[in-house]
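Just below is one structure, and these are the notes that go with it.
Counting starts at 1 for both ligands and their atoms, in listed order.
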Amino acid sequence: MEHMQKAVFAFPEVEEEAGRLAKKLDVPLGLIDLHYFPDGESRVTVPFSADAAFLYQPLNDANLKMFPVIQALSALKARDGAAITFVCPYLPYMRQDKVFRDGQALSQKVFAKVISPWVDTLITVEPHLHRSRSMDTVFPEIKGIALSGGEIMAGYFRRKRVAKNTLVLGPDEEAWHTAKPFAEALELDWATAVKKRKGDRDVEVDIEGKDLKGRPVIIVDDVISSGMTVFQAAKKAYSLGAGVVEVAVVHALAKPQTLEALRQAGVAWVISTDSVPHETNKIPLAPALARACKAL
Ligand code: R5P
């Protein structure tokens, strides 16, 4: 098999995003062949080997993608002494960081145990470090690097005109992790709302202690999934007299109908990083990911 010193590898579904990273690193991009047999089993073939292999793959739809990713990592690791870096801009199962009810699997830990044996270094973006506070806690066996989605998104907003009286709003208490660095980088006022989650699509959001009248609001969160968290936060902000409300999110997992509901609720626009390919992507992660890869 042909051999490279350094290369980025990716499945064709993220060829564009992985290509941006390969370009920044000035290394070849190897597209991985993924074949499904009639019984649904997958066969993965890497096009060449590398001493330093960077596998690029976000793990949205994790249950579908995990096994092919492990197959790819194992094929790359088959080369003696290869250093494997998994560049996974969206890490799954990070919100299941606790046994909330007796009998539940601690999925964050299970995910870490499954992925760690194949990887030397894991680079990700805004991985919802909440109850587990650091990458070392979640991935004690490997080197884990988490880039701040809030800081990266602020870089994009710095080039836009943002009114000085804008309020940066994390739509729940956990969102401070993303909202605070975003607001601080832009020197804006910030707050977090109070969220009560009663079900997957049933949330209540309250905003206390800030005068929103006439102020633009940027809702900043790590993930938008059902969209109910930002939907309720936007509705609440408008009910308190906010001016235009927009949303900046690191990982956009929302379906098109969710975006439509947000538009109906008056959200001016939703902007996301390209951690997961999505129609709202505006902020490429490649420059920050490349810096992290080069610093290894
Ligand atoms: C929660 O802890 C996360 O930071 C997000 O706020 C949440 O996962 C968003 O979910 P949804 O869009 O389904 O409300």
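- Taking all atoms of both residues into account, the shortest heavy-atom contact from L76 to V46 is CD2-CG1, 3.9 Å.
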(request) Show your working on side chain to side chain contact (heavy atoms under 4.5 Å, CB included) between H278 and L259 and close with a plain yes or no. (result) CA-CA 11 Å; H278 195 265; L259 295 179; 3.7 Å; yes

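- Residues satisfying the salt bridge (charged side-chain N to carboxylate O under 4.0 Å, His left out) test with R263, not counting sequence neighbours, are E260.
- Pairs passing the ring pair (Phe, Tyr, Trp, His ring centres under 6.0 Å) check and including a residue from residues 27-48, sequence neighbours excluded, read F9-F48, H35-F37.
- For ligand 1, the protein residues within 4.0 angstrom (heavy atoms only) are R95, H128, D172, E174, K195, R197, D221, D222, V223, I224, S225, S226, G227, M228, T229.
- When hydrophobic side chains of Ile, Leu, Val, Met, Phe, Trp and Tyr are connected at separations under 4.5 Å, V99 ends up clustered with L106.
- Between R20 and P284, the shortest heavy-atom distance links the atoms NE-CB, 4.2 Å.
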